[in-house]
Every structure is written in structure tokens, then in C-alpha cells.
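What's counted below: heavy atoms across the whole structure, side chains too, no hydrogens, waters or symmetry copies.
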Amino acid sequence: MPLKVTDQAAAALQELLEDQDPNPAQVLRLVSNTEGNFLLALDTKKDGDQVVKHKGRMVMVIEPSVSEDLSGHTLDWKQTRTGRSFTFG
């Protein structure tokens, strides 16, 4: 089961992507670092990636190993004590 992404999170991803002023082939990529933290970076789609779209536009890709690690979870955009941020539930 792939990572689920709420509409609010997809809209926030699209806004974040647009703020990066990427070239047309670039999207955000959800990656995991050696400490197990998840980060977003500009990249291009690769074979096997999970694709997240918002209003028909690809906004984020997730490599299969990261998608498997997050299987059954949901990425959301919520108000937290420190402001609005992405959360995994």
C-alpha cells in the first residue's frame, strides 16, 4: 500500500514546488537520510517512483524503498504548536 497524501498536503507540495522555480521536468522528491529523517529535494521522476499529483500536475515522487517504509501512513498538512507543517499519521 503506497503512502497516502491528503488534498491539503498535495496543495502545499504544489505551492512549495512552485516556490522553488524548478525546470519543467523537476518535481519534489521525498527522501530519507541516514538518520531516518524525511526530506524534500528537487529531482526528476524515475522508473518505479510513486507519483503524487495535485490538480493533474505531478508535484512529488517517492522512490519505492521510501514508499514501502511509509506504507499505510498518510502525509498531511496540519496546524501544529509550531505552525503549519507536514505530518505523518
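- Neither M58 nor L40 shares a network with the other; the hydrophobic side chains, linked directly or stepwise wherever heavy atoms of I, L, V, M, F, W or Y lie under 4.5 Å apart, form separate groups for each.
- Evaluation of the ring-ring contact (aromatic ring centres under 6.0 Å, His included) test over residues 23-63, restricted to residues two or more places apart or in two chains, returns F38-F88.
- By the 4.5 Å heavy-atom criterion applied to side chains, V27 and V59 are not counted as neighbours.
- Residues meeting the side chain to side chain contact (heavy atoms under 4.5 Å, CB included) test with P2, sequence neighbours left out: Q50, S67.
- Side chains of L16 and L28 form a contact here, defined as non-hydrogen atoms less than 4.5 Å apart.
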message: Run T87 and D76 through side chain to side chain donor-acceptor pair (under 3.5 Å) and show every step you take.
response: CA-CA 5 Å; T87 61; D76 201 359; 5.1 Å; no
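- Here salt bridge (charged side-chain N to carboxylate O under 4.0 Å, His left out) pairs that include residues 37-47, with residues two or more places apart or in two chains, are R29-D43, D43-K46.
- Contact detail for V66 and L30: the closest heavy-atom pair is CG1-O, 4.1 Å.
- Note on residues 5-28: no pairs pass ring-ring contact (aromatic ring centres under 6.0 Å, His included), not counting sequence neighbours.
- Within the structure, every pair that satisfies the salt bridge (charged side-chain N to carboxylate O under 4.0 Å, His left out) test and touches residues 6-21, not counting sequence neighbours, is listed here: E18-R57.
- Taking T80 as the reference, T82 meet the side-chain hydrogen bond (donor to acceptor under 3.5 Å, both in side chains) condition, with sequence neighbours excluded.
- Between P64 and G48, the shortest heavy-atom contact is CG-O, 3.2 Å.
- The side chain to side chain contact (heavy atoms under 4.5 Å, CB included) search around Q79 returns R84, not counting sequence neighbours.
- A side-chain donor-acceptor contact under 3.5 Å links N33 to the backbone of E35.
- Sorted by first then second residue, the ring-ring contact (aromatic ring centres under 6.0 Å, His included) pairs that include residues 8-33, not counting sequence neighbours, number zero.
- Taking the side chain to side chain contact (heavy atoms under 4.5 Å, CB included) definition, one finds that A12 meets it with W77, F86, sequence neighbours left out.
- Transitive grouping of hydrophobic side chains (ILVMFWY, heavy atoms separated by less than 4.5 Å) brings I62 and L42 into a common cluster.
- At least one donor-acceptor pair under 3.5 Å links the side chain of Q26 to the backbone N or O of N23.
- Residues that satisfy the side-chain hydrogen bond (donor to acceptor under 3.5 Å, both in side chains) test with S85, not counting sequence neighbours, are absent from this structure.
- Taking a 4.5 Å side-chain heavy-atom cut-off between Ile, Leu, Val, Met, Phe, Trp and Tyr, the cluster of L39 extends to V31.
- With sequence neighbours excluded, the residues forming a side chain to side chain contact (heavy atoms under 4.5 Å, CB included) with V5 are L3, A9, A10, L13, V52, M60, L75, listed by chain and number.
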